[in-house]
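One structure is given below, encoded as structure tokens.
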Amino acid sequence: MSGLEPIRPPRWLKYANKVFAVLLRLGVPVSRHESPVVLTAPGRKTGKPRSTPVTPMTVDGKRFVVNGFPGAEWVRNVRAADRVTITEGRRTETVQMVELSAEEARPVLRRFPELVSTGVDIMKRAGVLTTGTPEELEGLAGRLPVFRIDPVA
């Protein structure tokens with residue numbers, strides 16, 4: 001696959017994300033195996049809260065989020081924000097999102113297919129991935145942003 005920049009999320013994803021965000025805020029389980037949450041960051045231009053569902057995964061005791069689509073707006077907003085919130089049902093947590101270097105992201109990306117299989121399925125349907133293997137994900141280090149979720153003291 002040559003360069004990820006031209007790949008765009010499927011049109012339905014924006015609408016599906018809005019529905020999932022509402023369901024998650026209401027505490028409705030949307031997955032049996034994974035625990036998606038709502039990540040809310042201030043818009044980098046407007047400052048208005050912008051929310052998107054994400055599925056954190058835990059690797060070596062730390063939580064991470066992988067961006068499934070190059071150029072996603074939520075990534076730009078997170079990069080510009082000092083702090084964001086993560087909401088799971090009625091519980092909201094203020095956190096800092098720390099973007100990993102490509103080298104730091106490799107082992108996290110290798111675990112993504114095992115820990116967030118629904119994310120892999122969506123990325124395959126959108127053309128970001130072809131096989132969804134740990135090796136393919138690891139090869140995208142530096143092109144798919146990976147963030148560590150740090151609690152705010």
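Between V95 and D150 the shortest side-chain heavy-atom distance does not fall below 4.5 Å. Proximity of W74 to R76: side-chain heavy atoms (C-beta onward) are nowhere separated by under 4.5 Å. Side-chain contact between V116 and V66 is absent, with no heavy-atom pair separated by less than 4.5 Å. For the pair F64 and T58, the minimum side-chain heavy-atom distance is 4.5 Å or more. In this structure, the side chains of R79 and F147 come closer than 4.5 Å at one or more pairs of heavy atoms.
The minimum heavy-atom distance linking G132 with V120 is given by the pair CA-CG1, 3.8 Å. Considering every non-hydrogen atom in both P42 and G47, the closest pair reads CB-O, 3.8 Å. Between K124 and T131, the shortest heavy-atom contact is NZ-O, 3.7 Å. For M123 against L137, the heavy-atom pair with the smallest separation is CE-CD1, 4.3 Å. Across every non-hydrogen atom of N77 and A41, the tightest pair is CB-CB, 4.1 Å.
Salt-bridge check for R106 with E138: failed, with every basic side-chain N at 4.0 Å or more from each acidic carboxylate O. By the 4.0 Å N-to-carboxylate-O rule, E99 lies too far from R148 to be salt-bridged with it. Between R110 and E135 a salt bridge is recorded (basic side-chain N to carboxylate O distance below 4.0 Å).
The closest side-chain donor-acceptor pair between T92 and T87 falls under 3.5 angstrom. Using modelled atom types and a 3.5 Å distance limit, the side chains of T133 and E136 yield no donor-acceptor pair. Checking T85 against E93 by side-chain atom types alone, no donor-acceptor pair falls below 3.5 Å.
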Problem set entry | From CA spacing to verdict: side-chain contact (heavy atoms from CB on, under 4.5 Å), L129, L140 | CA-CA 9 Å; L129 299 174; L140 296 175; 3.5 Å; yes

For this session: Show your reasoning for whether side-chain contact (heavy atoms from CB on, under 4.5 Å) applies to E73 and R44.
Result: CA-CA 9 Å; E73 292 296 320; R44 64 193 179 286; 2.6 Å; yes

Problem set entry | side-chain contact (heavy atoms from CB on, under 4.5 Å) between V65 and I149, intermediate numbers included | CA-CA 7 Å; V65 173; I149 302 169; 3.6 Å; yes

For this session: Applying side-chain contact (heavy atoms from CB on, under 4.5 Å), run through V38 and T52 and close with a yes or a no.
Result: CA-CA 6 Å; V38 177; T52 191; over 6 Å; no

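For the side chain to side chain contact (heavy atoms under 4.5 Å, CB included) test with N67, the passing option among V128, V75, V78 is V75; the others fail.
If you take OG1 on T40 and NZ on K48, they are separated by 15.0 Å, rounding to the nearest 0.5 Å.
Under the rule for a side-chain hydrogen bond (donor to acceptor under 3.5 Å, both in side chains), R50 has no partner lying at least two apart in sequence or in another chain.
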